[in-house]
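Just so we're clear, the structure is a prediction, and the values are computed from it rather than from any experiment. These values consider heavy atoms only, across backbone and side chains, with no hydrogens, waters or symmetry-generated copies.
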Amino acid sequence: LALQPDWPAHRCPVVGGGRDPPQIGCVCRRPRNRCPGGRRLRTEQFARLCATPNARRTSGMLIRALAAAKEIPMQLNSSAFVNGDRIPTKYVGDGDDVSPPLAWDQVPIGTKEFVLTCDDPDAPTPQPWVHWVVYRIPAATRALPEGISTSAEVPGLQGKNSWKAGETIGYRGPAPPPGHGVHHYCFRLYALDTTLPLPPEIDKEAVLKALQGHILAEAEIVATYERK
């Protein structure tokens, strides 16, 4: 992580009594958390780094500190589509109806488990139509591959979707009513500060109820689909 031209560097009086070169922790214009030298600190994490005897840290450590401070939010992405785009036919009910590949990063420190949901808030039903629920995903997991089936070994447990017949557990792709306009499919990832002792094959409502009060971060990617 390099110093940016518009960051006003200065000598930090905490490190070496102001005799050392400017430290990267004391070069931001954020209005809170001023260092003793008068310059504003980027985050509280940088303030602590600046105050240590050996203030220089690797860029990786600085990036992790930023992520912990939520300067870099958790990200959810797919190699199959970008946020806001039409989901490829392969992943919908009119196609192969397989789950899309998903990956995430910038996970907050202290994450013990993940939960992933996918629903359609545009469905003509009282509640969003649930397409996928995966919970108890281990903290070390950073991706779900394409085409996860109910019989596959999934990192976690799969819950109920909104279908009443056929495949009621696991992923079911977009299948909006013809002529109902563009529907949005919200893939949402939750990072939790605990593990949830939940049984297999429960519904989204039960999962969301259990994770309340344990959410460290959320990330979302949205795909669209329409049947003419």
Side-chain angles (χ1 to χ4, degrees), residues 73-104 113-137 141-152 154-192 196 198-228:
M74 187 169 66
Q75 302 289 323
L76 178 62
N77 300 286
S78 176
S79 59
F81 60 91
V82 299
N83 189 44
D85 274 8
R86 183 182 186 275
I87 191 168
T89 305
K90 181 177 185 179
Y91 309 110
V92 307
D94 298 325
D96 296 338
D97 204 14
V98 297
S99 63
L102 296 169
W104 54 90
E113 194 169 89
F114 298 101
V115 167
L116 176 75
T117 64
C118 175
D119 59 31
D120 173 12
D122 302 314
T125 52
Q127 298 296 327
W129 191 266
V130 178
H131 288 263
W132 203 15
V133 180
V134 189
Y135 52 100
R136 295 182 62 180
I137 303 172
T141 306
R142 292 295 181 271
L144 293 177
E146 177 187 277
I148 291 178
S149 68
T150 54
S151 59
V154 183
L157 299 175
Q158 296 195 76
K160 295 179 181 179
N161 54 51
S162 289
W163 274 261
K164 304 303 180 185
E167 294 290 336
T168 60
I169 302 297
Y171 179 81
R172 293 285 296 269
H180 201 259
V182 176
H183 282 225
H184 297 78
Y185 299 90
C186 305
F187 294 83
R188 189 172 292 106
L189 182 74
Y190 302 88
L192 308 181
L196 302 177
L198 298 174
E201 301 186 358
I202 61 175
D203 61 21
K204 174 191 165 187
E205 183 179 359
V207 174
L208 294 185
K209 182 178 179 180
L211 62 76
Q212 293 305 310
H214 298 291
I215 301 172
L216 292 175
E218 299 179 36
E220 183 180 79
I221 184 170
V222 179
T224 64
Y225 189 66
E226 178 182 11
R227 277 172 164 172
K228 300 294 186 180

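Residues Lys204 and Leu208 form a side-chain contact, since some pair of their non-hydrogen atoms from C-beta on lies under 4.5 Å apart. Glu218 places none of its side-chain heavy atoms less than 4.5 Å from the side chain of Leu189. When side chains are defined from C-beta on, Arg227 does not count as touching His180, because their heavy atoms never get closer than 4.5 Å. With contacts defined as side-chain heavy-atom distances shorter than 4.5 Å, the pair Pro101/Ser79 qualifies. A 4.5 Å side-chain heavy-atom check between Cys186 and Asp119 finds at least one atom pair inside the cut-off. Using a 4.5 Å cut-off on side-chain heavy atoms (C-beta onward), Val133 and Lys160 make no contact. For the pair Val92/Ile87, a side-chain contact is recorded, criterion being any heavy-atom separation below 4.5 Å from C-beta on.
Side-chain N or O atoms of Glu113 include one that pairs as donor or acceptor with a backbone N or O of Leu196 at under 3.5 Å. Formation of a donor-acceptor pair under 3.5 Å by the Arg172 side chain with backbone atoms of Gly93 is not found in this model. Side-chain atoms of Thr141 never come within 3.5 Å of backbone atoms of Ala143 as a donor-acceptor pair (strictly under, hydrogens ignored). Checked by atom type and distance alone, the side chain of Gln75 pairs as donor or acceptor with a backbone atom of Pro73 at under 3.5 Å. Side-chain atoms of Ser162 never come within 3.5 Å of backbone atoms of Trp129 as a donor-acceptor pair (strictly under, hydrogens ignored). Distance alone, capped at 3.5 Å, is enough to place a donor-acceptor pair between the Asn83 side chain and the Val222 backbone.
Of the N and O atoms on the side chains of Asp122 and His184, at least one donor lies less than 3.5 Å from an acceptor on the other residue.
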**Prompt:** What's the verdict on side chain to side chain contact (heavy atoms under 4.5 Å, CB included) for Trp132 and Leu144, showing C-alpha distance, side-chain angles and the deciding distance?
**Reply:** CA-CA 13 Å; Trp132 203 15; Leu144 293 177; 4.1 Å; yes
**Asked** Would Asp120 and Tyr225 satisfy side-chain hydrogen bond (donor to acceptor under 3.5 Å, both in side chains), going step by step from the backbone distance to the final call?
**Response** CA-CA 10 Å; Asp120 173 12; Tyr225 189 66; over 6 Å; no
**Stepwise side chain to side chain contact (heavy atoms under 4.5 Å, CB included) test for Val130 and Asp203** = CA-CA 9 Å; Val130 178; Asp203 61 21; over 6 Å; no
**Request:** Go through the steps for Tyr171 and Val134 under the test side chain to side chain contact (heavy atoms under 4.5 Å, CB included), then give the verdict.
**Result:** CA-CA 9 Å; Tyr171 179 81; Val134 189; over 6 Å; no
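Look at Glu226 and Arg86 and you find no salt bridge, because none of the NZ, NE, NH1 or NH2 atoms lies under 4.0 Å from a carboxylate O.
Contact between Tyr185 and Ala175 at its shortest, heavy atoms only, is OH-N, 4.1 Å. Nearest approach of Pro121 to Pro128, heavy atoms of both residues: CA-CB, 3.9 Å. Nearest heavy atoms, Tyr135 versus Val115: CB-CG2, 3.9 Å. Gly170 and Asn161 make their closest contact through O-ND2, 3.0 Å (heavy atoms, listed as atom of the first residue, atom of the second, distance).
Here the straight-line distance linking atom CZ of Phe187 with atom NE2 of His131 works out to 8.5 Å at 0.5 Å rounding. The line from OG1 of Thr224 to NE2 of His183 is 11.0 Å long, rounded to the nearest 0.5 Å. Interatomic distance, Leu76 CG to Leu116 CG, rounded to the nearest 0.5 Å: 7.0 Å. Between the CG atom in Asp97 and the NZ atom in Lys90 there is a gap of 12.5 Å [rounded to 0.5 Å]. The distance from the CD atom of Glu205 to the OG1 atom of Thr117 is 13.0 Å, given to the nearest 0.5 Å. Atoms OG and CD, on Ser99 and Gln158 in that order, are 7.5 Å from each other to the nearest 0.5 Å.
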